[in-house]
Amino acid sequence: MIVGAASIGAAMAGIAGGAADAPFYANTFEKVPSAAAMTDIGRALFFDKSLSASGKMACASCHDPARAFGPPNDSPVQPGGSDGRRPGMRAVPSLMYSQNIPPFTEHYFDDEGDDGIDQGPAGGRTWDGRVQSAHDQARLPLLSPFEMANASADAVVARVQRASYAAQIRETFGDKVFDDEASAFKAVLMALETFQQSPTEFYPYGSKYDAWLRHETSLSSEEMRGLAAFNDPAKGNCARCHPSAVRNGALPQFTDFGYAAVGVPRNLGLHANSDRRYYDLGLCGPLRTDLADRKEYCGLFRTPTLRNVATRHVFFHNGAMHRLEDVVRFYAERDIRPQKWYPLGRNGVALQFDDLPALYRGNVDTQPPFDRHVGDQPTLSDTDIKDIVAFLNTLTDRYAGPASVALRAVDRRH
């Protein structure tokens, strides 16, 4: 189910009054804020660098609208903190197409096909799923010591109160909104969440592939071959985790919201990895702590959407790769040519899965195309890889198709 800005506004309008411990969407403000007003405020907040302790970082600093609200450059992580120079720990994910992410669960049952099969962990936001909602996701960077580095929610409110749009917040939420810091911080989070649920900016479904699914354009022969290889279980098998088909009338998200350990090589360019004892284990830590004892989850990260993936120059949670072609080739060659992707030990043997302690390497995905061995032929040829990359380029929004196609797409969104 898509929860958009208008839905948030309607939810608040439908719940009157409220105490301090009321559900987040209960209207505890003097006025019922409109979705349009919250969207405008959220946009102002999103681009405001003064909300950070350094005065150098806004949400948009890491989530660049020109790059599908993903990283603005090819750096594996982005700098932040109180001085604007502290390196982050993970690559920045895109904020687009997150409107359908379900809450985290350890036991996900698909509602289509055999719903009796437990597919394991799924859902939640961020790479490790520790955040359950868009407003909680907005809270993270505001208070993170290696992002915007505010000491407290009150510190955020104090900065917002000095901003040029403070009067707009009072007009939207009520004149007394800043009288209570908790209420004011809730208004900030609500506005950011509403902005990030704006369909035209965050889930426009405006790619060439979407137009093709609507029978409004054609894919080239190369793109069609790439789609076939992407879907083929004997080749890319990509659709296993990145479903590409229309389901129940809904356009595909290109993620199953599940978790996987794909054995990405260790990125020695990350500051955190200068400590050889440090490992980012995803679901079981270090940023997520409630599943630290679930050893079968160590090394698992949430499957990202592939929409707009061709606009990125940083791939995987550790930013270990910078070219889309290399990512696809890694999937094809990880197990048959490990020496190409991993460092060599003193004996000349590749140190495969070097970004996981040996204890957890059994968690690494071994389903096709990861079912091969050294010396086997890859499931994907060079041509297949190029074709898949060509197909992935069709997932970029702002497709410049015929004017009539664009107008029809706008009509469908309204």
Side-chain angles (χ1 to χ4, degrees), residues 62-64 67-81 85-95 121 124-131 140-141 144-147 241-242 255 258-289 291-292 297-306 309 311-335 338-344 350-361 363-365 370:
C62 293
H63 299 284
D64 185 355
R67 295 285 185 86
F69 290 94
N73 51 45
D74 61 359
S75 177
V77 296
Q78 301 300 313
R85 295 184 294 180
R86 183 173 177 177
M89 297 176 68
R90 291 175 180 162
V92 175
S94 170
L95 294 180
R125 294 163 188 264
T126 71
W127 284 105
D128 57 19
R130 68 190 187 279
V131 176
L140 273 184
S144 168
F146 48 84
E147 295 183 70
C241 297
H242 301 280
T255 174
Y259 288 78
V262 297
V264 182
R266 190 170 179 86
N267 185 355
L268 296 179
L270 292 184
H271 176 75
N273 284 344
S274 60
D275 181 351
R276 294 186 179 182
R277 299 167 298 177
Y278 172 82
Y279 290 95
D280 188 346
L281 300 178
L283 273 182
C284 71
L287 297 180
R288 182 164 191 161
T289 58
L291 299 174
Y297 293 166
C298 292
L300 275 64
F301 293 86
R302 187 167 62 80
T303 302
T305 178
L306 294 184
V309 69
T311 67
R312 294 181 67 90
H313 296 289
V314 181
F315 300 95
F316 298 115
H317 70 277
N318 63 358
M321 296 182 193
H322 298 279
R323 296 197 319 146
L324 191 52
E325 182 175 334
D326 290 339
V327 174
V328 180
R329 193 174 296 278
F330 168 73
Y331 275 76
E333 298 179 348
R334 186 195 77 179
D335 298 310
Q339 71 280 3
K340 180 176 177 179
W341 303 99
Y342 301 96
L344 301 180
L351 301 174
Q352 197 171 18
F353 312 142
D354 63 327
D355 205 26
L356 273 177
L359 177 64
Y360 307 129
R361 291 175 188 170
N363 295 342
V364 174
D365 192 353
F370 297 136

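Computed from a predicted model, the values in this text were never measured in an experiment. Heavy-atom basis, side chains included; hydrogens, waters and symmetry copies ignored.
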Next item on the list: Have a look at V364 and tell me which of L356, L300, D335 forms a side-chain contact (heavy atoms from CB on, under 4.5 Å) with it.
Entry: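 Exactly one candidate clears the test, L356.
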
Give the minimum heavy-atom separation between [X] and [Y], together with the two atoms involved.
{"X": "D354", "Y": "Y279", "value": "O-CE2, 3.9 Å"}
{"X": "T126", "Y": "R302", "value": "O-NE, 3.3 Å"}
{"X": "A68", "Y": "S94", "value": "O-OG, 2.6 Å"}
{"X": "P76", "Y": "N267", "value": "CB-ND2, 3.5 Å"}
{"X": "C62", "Y": "P72", "value": "O-CD, 3.6 Å"}
{"X": "F330", "Y": "F316", "value": "CD2-CZ, 4.1 Å"}

Next item on the list: For the pair H242 and T303, evaluate side-chain contact (heavy atoms from CB on, under 4.5 Å) and give the outcome as yes or no after the intermediate values.
Entry: CA-CA 8 Å; H242 301 280; T303 302; 3.1 Å; yes

Beyond-backbone contact of [X] with [Y], side-chain heavy atoms, under 4.5 angstrom:
{"X": "F353", "Y": "Y342", "answer": "yes"}
{"X": "V77", "Y": "L270", "answer": "yes"}
{"X": "H317", "Y": "D280", "answer": "yes"}
{"X": "M321", "Y": "W341", "answer": "yes"}
{"X": "F146", "Y": "Q78", "answer": "no"}
{"X": "S75", "Y": "H313", "answer": "no"}
{"X": "L324", "Y": "V309", "answer": "yes"}
{"X": "R125", "Y": "R130", "answer": "no"}

Check: By side chain to side chain contact (heavy atoms under 4.5 Å, CB included), which residues pair with P145, not counting sequence neighbours?
Finding: R86

With rounding to the nearest 0.5 Å, note down the distance linking [atom1] in [X] to [atom2] in [Y].
{"X": "E147", "Y": "M89", "atom1": "CD", "atom2": "CE", "result": "11.0 Å"}
{"X": "F69", "Y": "T311", "atom1": "CZ", "atom2": "OG1", "result": "11.0 Å"}
{"X": "Q352", "Y": "L344", "atom1": "CD", "atom2": "CG", "result": "12.0 Å"}

With the threshold set at 4.0 Å, does a side-chain nitrogen-carboxylate oxygen contact exist between [X] and [Y]?
{"X": "D74", "Y": "R312", "value": "no"}
{"X": "R67", "Y": "D64", "value": "no"}
{"X": "R266", "Y": "D355", "value": "yes"}

Margin query: Is it the case that the ring center of Y259 lies less than 6.0 angstrom away from the ring center of F301?
Written below: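 F301 vs Y259: aromatic centres not under 6.0 Å.
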
Next item on the list: Dump the intermediate steps for side-chain contact (heavy atoms from CB on, under 4.5 Å) on V262 and Y331, then the final yes or no.
Entry: CA-CA 8 Å; V262 297; Y331 275 76; 3.9 Å; yes

Next item on the list: Go through the steps to decide whether L283 and C298 satisfy the test side-chain contact (heavy atoms from CB on, under 4.5 Å), and finish with yes or no.
Entry: CA-CA 6 Å; L283 273 182; C298 292; over 6 Å; no

Item checked: R90 vs L287, side-chain contact (heavy atoms from CB on, under 4.5 Å): CA-CA, chis, key distance, verdict -> CA-CA 10 Å; R90 291 175 180 162; L287 297 180; 3.7 Å; yes

